[in-house]
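The sequence lines fix the lettering, A, B, ..., with proteins before strands; numbering per chain opens at 1.
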There are 2 protein chains.
Amino acid sequence: MQHKFRSLCPIASTLDLLGDKWSLVIVRDMLIREKKTFKDFSSSDEKIATGILASRLKLLESFGLITKRKLPTNKKENIYLLTEKGIDLAPIIMEITLWGDKHMRAYNPKLISHKEVKADKLGAINFVQKSYRQFVAQIVD
Amino acid sequence: MQHKFRSLCPIASTLDLLGDKWSLVIVRDMLIREKKTFKDFSSSDEKIATGILASRLKLLESFGLITKRKLPTNKKENIYLLTEKGIDLAPIIMEITLWGDKHMRAYNPKLISHKEVKADKLGAINFVQKSYRQFVAQIVD
DNA sequence: TATTTTTACTTCTAAATTGAAAGCAAAGAT
DNA sequence: ATCTTTGCTTTCAATTTAGAAGTAAAAATA
């Protein structure tokens with residue numbers, strides 16, 4: 001089944017896939033918090049409904065941003081991991097973090113700050129991507 | 001009336017405001033295409049419904065990302081302009097452009113490419129922000 | 001000046017999506 | 001052997017969206 005795109009604009013097309021309140025929160029959990037199972041994602045602070053979580057994971061997988069696999073040691077648990085395409089979202093995630101930290105605090109005063117990102121954006125992007133690749137490598141034998 | 005936020009995470013909070021298919025498309029039209037009236041926005045390629053456009057403009061204004069004003073020369077037309085807070089979205093917009101250009105083309109082959117952004121991201125961000133500030137200055141006496 | 005057109009919406013309704021809760025089957029732990 | 005956990009699916013009400021139509025005032029045109 002193929003997606004419908006609103007236009008030929010890369011921004012609009014990316015938003016056709018990721019423009020909702022949950023997809024990038026799931027990617028954040030994977031990339032920054034190294035979450036990997038359905039349970040991990042459904043127990044995040046934001047309390048995503050399981051039906052929405054299931055549909056988002058399916059969509060992200062269908063677009064190749066994540067993979068779904070089982071480990072030989074556990075036949076029940078599914079392990080979701082970001083692909084390189086998904087890891088490539090790190091710059092977007094970091095820019096959103098910076099913008100939110102700078103401009104949303106006025107409306108959500110107790111917002112958590114990410115000092116490393118503010119201090120060294122490119123460093124933080126590289127660090128997170130590198131760490132995540134190691135995390136994947138350690139899981140996928 | 002105040003917004004509800006899902007958590008204390010800057011990413012989730014930013015997505016509480018901008019996490020939908022339309023808000024950043026409107027910001028794109030303002031920042032990159034220098035659109036400024038209700039008509040301008042409603043005539044974009046993506047065909048936003050007027051009801052949604054009206055509600056998004058109201059929301060963006062309520063969070064201080066845009067301003068709404070009239071020119072002394074026209075008592076009907078409303079002029080919507082990005083504030084500095086809105087102009088500050090340029091890095092997010094550019095990163096989304098780059099990601100989309102790189103990864104969505106497989107699904108939307110005729111995607112338009114933005115060579116300047118690919119060639120010089122920081123330059124493109126600065127250029128767009130500077131140009132937009134000039135555009136605003138020229139409108140607001 | 002009178003009429004037509006434009007602008008900026010609002011309203012309406014159907015369709016789609018979301019959120020919350022409950023249910024369920026298989027695997028794993030006790 | 002039973003209880004618990006995991007990974008979902010299902011259900012249904014509530015909210016949001018998409019699309020069309022309507023409206024009032026301003027502006028352009030005849």
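Within the 4.5 Å cutoff, side-chain heavy atoms of A/I93 are placed close to those of A/L24. At least one side-chain heavy atom of B/L18 sits under 4.5 Å from a side-chain heavy atom of B/L65.
A donor-acceptor contact closer than 3.5 angstrom is absent between the side chains of B/D16 and B/S13.
Atom CG in A/L53 sits about 16 Å away from atom C1' in C/dT17, given to the nearest Å. Nucleotide D/dA18 holds its C1' atom 11 Å from the CD1 atom of B/I48, rounded to whole Å. B/E46 has its CD atom 16 Å from the C1' atom of D/dT17, to the nearest Å. Atom NZ of A/K4 and atom C1' of D/dA18 are 16 Å apart (whole Å). Summarising the geometry, the separation between CD1 on A/I52 and P on D/dT15 is reported as 14 Å, rounded to the nearest angstrom.
Distances shorter than 4.0 Å separate some side-chain N or O of B/Y80 from OP1 or OP2 on C/dC9. Taking side-chain N and O atoms only, A/K58 has a distance below 4.0 Å to OP1 or OP2 of D/dT9.
Here the closest non-hydrogen pair linking B/Y80 and B/M30 is O-CE, 3.3 Å. Shown here for A/P10 and B/D101, the closest heavy-atom pair between the two residues is CB-N, 3.9 Å. Between B/E34 and B/S131, the shortest heavy-atom contact is OE2-O, 3.8 Å. Residues A/V117 and A/A124 share a closest heavy-atom pair of CA-CB, 3.9 Å. The shortest non-hydrogen separation linking B/L81 to B/R69 is CD1-NE, 4.1 Å.
At distances below 3.5 Å, not a single donor-acceptor pair connects side-chain atoms of B/N108 with backbone N or O atoms of A/C9.
Of all the residues in residues 11-39 of chain A, A/W22 reach under 4.0 Å from DNA chain C with at least one non-hydrogen atom. Taking a 4.0 Å limit (strictly below) on heavy-atom distances, residues 60-79 of chain B reaches DNA chain C at B/K68, B/K76, B/E77, B/N78.
Considering A/V128, A/L122, A/I125 in turn, A/I125 is the only one that fulfils the side-chain contact (heavy atoms from CB on, under 4.5 Å) rule with A/P91. Among A/K118, A/K102, A/K121, the one residue that satisfies the salt bridge (charged side-chain N to carboxylate O under 4.0 Å, His left out) test with A/E95 is A/K121.
A/R6 comes within 4.0 angstrom of nothing in the nucleic acid, heavy atoms only.
Two end axes, each from the C1' atoms of five base pairs, can be drawn for the helix from C/dT1-D/dA30 to C/dT30-D/dA1; they diverge by 20°, to 10 degrees.
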